[in-house]
Number of protein chains: 2
Amino acid sequence: MDSVGSVEELGRRDRKKLETRAALAEAALRLVAERGLAGVTVEDIAEAADVSSRTFFNYFPSKEDALLVAPADVETAWPKSLASAPAGLTALQALRLVLRGQAECMEQRAEEVRLRIKVIEENPSLLPRLVSGGFANERALAAAVAERIGPERAAGGYPELLSAVGLAAFRVAMLRWSRTKGSVPMTDLLDDAFDRLAAGLPEP
Amino acid sequence: MDSVGSVEELGRRDRKKLETRAALAEAALRLVAERGLAGVTVEDIAEAADVSSRTFFNYFPSKEDALLVAPADVETAWPKSLASAPAGLTALQALRLVLRGQAECMEQRAEEVRLRIKVIEENPSLLPRLVSGGFANERALAAAVAERIGPERAAGGYPELLSAVGLAAFRVAMLRWSRTKGSVPMTDLLDDAFDRLAAGLPEP
DNA sequence: GAGCAAAGTTTCATGCTCTGAAAGCAGGTG
DNA sequence: CACCTGCTTTCAGAGCATGAAACTTTGCTC
């Protein structure tokens, strides 16, 4: 899925593909939220989206993946975003900026995001896969950090450490946000976490 | 598996159970290292351990779990270890001490650990499950941190942040260690990561 | 030791997940 | 319109995972 090109510019075929994909993802999320992961089969999801179950697998490699579509696109977006952050910022500050952007984006789709988090928390077997996608992000981010600070300073494992730790902080902020039902903006929680990181994690 | 009680004290039945379990885990690791995850079926593993495939599932809920038996016991050991760390230490210092202990323990079984890491890196679909176990650890650790610093300072999400970030640092150090084939002790890499955390992640 | 109960293993049956292949259908193109 | 490409469907099949019932081993008791 390219980041350029709106839905209207595509032919009927590609539009139908997007529709089918969205219908499958939506059906999966809705059904699993209702009945739990084990209570929903791929056939149920395909049925609800009005396609064959074989078609489901043309879009998603597994049932779980249909529930976790969102994290996919960030894998390319974050590194790009990190590269275009102001040059004056340290890598830590730049990463914070990128993740703030993501937080804002997620708050606009708060309902969907919260539903997804709910589904994940109710079906712990999904957690792995969520973090797995996060792992691919981590590598991509580490590469972008290395690019940013230059090869000689990148040796020694700083990029890997920074992206691993930064994403961990993001995840904690996100889960904290989902617990406080919208009373605190995710960006505030993220800022809090990054302030602590930058201060060396002093005890409160 | 209790920490008390050696193998000799158990009856024949329990000894056989341990043997079977170990044989299955060993066969799984060996076969997957040779042929890759997709090239090995549960039946292959059961065959190699000379039991029926149904018996395999009496020991492990899935093929993947047979490859990741080790991380299971740390879930209770780390919180205990954290609680018994010297009272003078900050939570960050105590966590560092606990993870150093784990690193030392892993270096004693370096061959096995490296083989396991190799298998995981070659089969990324395992990563999820590994991190899943890690997630349970994270919660247990967060609870132990909260216990350590007291309820009023635990509000505000510090325990969750510290354990998430600390484990991320540990994971990075471990992977870095597995890449440098034993030339650098894992404890050194861990110290490096925690020094950076305590200093607020300054760019190198 | 003989017998008994508990626990573990095996076999059998079953449902779901996921993949490959071949045939059919629709969209885009000359 | 005719054709080609690409997506969907149907069909077939391997592997994963679980439940139930029969069988074997173990450990204990008398």
Side-chain angles (χ1 to χ4, degrees), chain A residues 1-2 5 7-25 27-29 31-32 34-69 123-126 128-129 132, chain B residues 1-2 5 7-25 27-29 31-32 34-69 123-126 128-129 132:
Chain A
M1 196 188 304
D2 283 337
V7 175
E8 279 71 21
E9 303 172 16
L10 301 168
R12 189 189 316 272
R13 181 179 284 170
D14 292 292
R15 251 180 293 134
K16 285 213 168 184
K17 271 179 71 174
L18 288 180
E19 268 174 35
T20 301
R21 188 184 183 82
L24 283 170
L29 192 59
L31 290 177
V32 173
E34 286 170 6
R35 303 187 221 160
L37 187 61
V40 178
T41 69
V42 168
E43 194 166 1
D44 294 337
I45 299 172
E47 195 72 23
D50 202 28
V51 294
S52 79
S53 44
R54 184 64 181 85
T55 294
F56 174 91
F57 288 106
N58 290 335
Y59 284 93
F60 302 104
S62 78
K63 186 167 61 170
E64 288 79 7
D65 288 292
L67 296 167
L68 306 170
V69 282
N123 303 278
S125 67
L126 283 174
R129 243 167 245 264
S132 163
Chain B
M1 196 189 302
D2 283 337
V7 174
E8 280 70 21
E9 303 173 13
L10 301 169
R12 188 189 316 275
R13 179 179 288 169
D14 292 292
R15 250 182 294 135
K16 286 210 167 187
K17 272 179 71 174
L18 287 181
E19 268 175 36
T20 302
R21 187 184 184 82
L24 284 170
L29 193 58
L31 290 177
V32 172
E34 286 170 8
R35 303 188 221 159
L37 187 61
V40 178
T41 67
V42 168
E43 195 166 359
D44 294 336
I45 300 171
E47 196 73 24
D50 200 30
V51 294
S52 78
S53 44
R54 184 64 182 84
T55 294
F56 174 92
F57 288 106
N58 289 336
Y59 284 92
F60 301 104
S62 79
K63 186 167 62 167
E64 287 79 8
D65 287 294
L67 296 167
L68 305 169
V69 283
N123 304 277
S125 67
L126 282 174
R129 246 167 241 263
S132 163

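Because the structure is predicted, anything quoted here is derived from the model rather than measured. A, B, ... follow the sequence lines: proteins, then strands. Residue 1 opens every chain.
Regarding Glu47(A), its CD atom lies at a distance of 14 Å from the P atom of dT17(C), rounded to whole Å. Computed from coordinates, the Lys63(A) NZ to dA17(D) P distance equals 12 Å when rounded to whole Å. Rounded to an integer number of Å, the gap from CD of Glu19(B) to P of dA7(C) is 20 Å. As a whole-Å value, the separation of Glu64(B) CD from dG15(D) P is 15 Å. Following rounding to the nearest Å, Leu126(B) (CG) and dC16(D) (P) show an atom-to-atom distance of 13 Å. The distance between atom CZ of Phe57(B) and atom C1' of dT11(C), rounded to the nearest whole Å, is 15 Å. dC16(C) atom C1' lies 16 Å from atom CG of Leu31(A), rounded to whole Å. Between Asp44(B) atom CG and dG15(D) atom C1' the separation is 11 Å, expressed in whole Å.
If you check the side chains of Glu43(B) and Thr41(B), you find no donor sitting under 3.5 Å from an acceptor.
Interatomic distance, CG of Leu18(A) versus OH of Tyr59(A), reported as 8.5 Å (0.5 Å rounding). Atom CD of Glu34(B) and atom CG of Leu29(B) lie 10.0 Å apart (nearest 0.5 Å).
Leu37(B) has its side chain within reach of Glu64(B): a pair of non-hydrogen atoms, C-beta onward, lies under 4.5 Å apart.
Annotation: salt bridge (charged side-chain N to carboxylate O under 4.0 Å, His left out) contacts involving residues 50-63 of chain A, sequence neighbours excluded, are absent.
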Please tabulate the protein-to-nucleotide N/O contacts below 3.5 Å involving nucleotides 8-11 of chain D, giving atom names and distances.
{"residue": "dT8(D)", "atom": "OP1", "partner": "Tyr59(A)", "partner atom": "OH", "Å": "2.7"}
{"residue": "dT9(D)", "atom": "OP2", "partner": "Ser52(A)", "partner atom": "N", "Å": "2.9"}
{"residue": "dT9(D)", "atom": "OP2", "partner": "Ser52(A)", "partner atom": "OG", "Å": "3.1"}
{"residue": "dT9(D)", "atom": "OP2", "partner": "Thr55(A)", "partner atom": "OG1", "Å": "2.3"}

Quiz item: Please walk me through it: do Phe60(A) and Val42(A) pass side-chain contact (heavy atoms from CB on, under 4.5 Å)?
Solution: CA-CA 10 Å; Phe60(A) 302 104; Val42(A) 168; over 6 Å; no

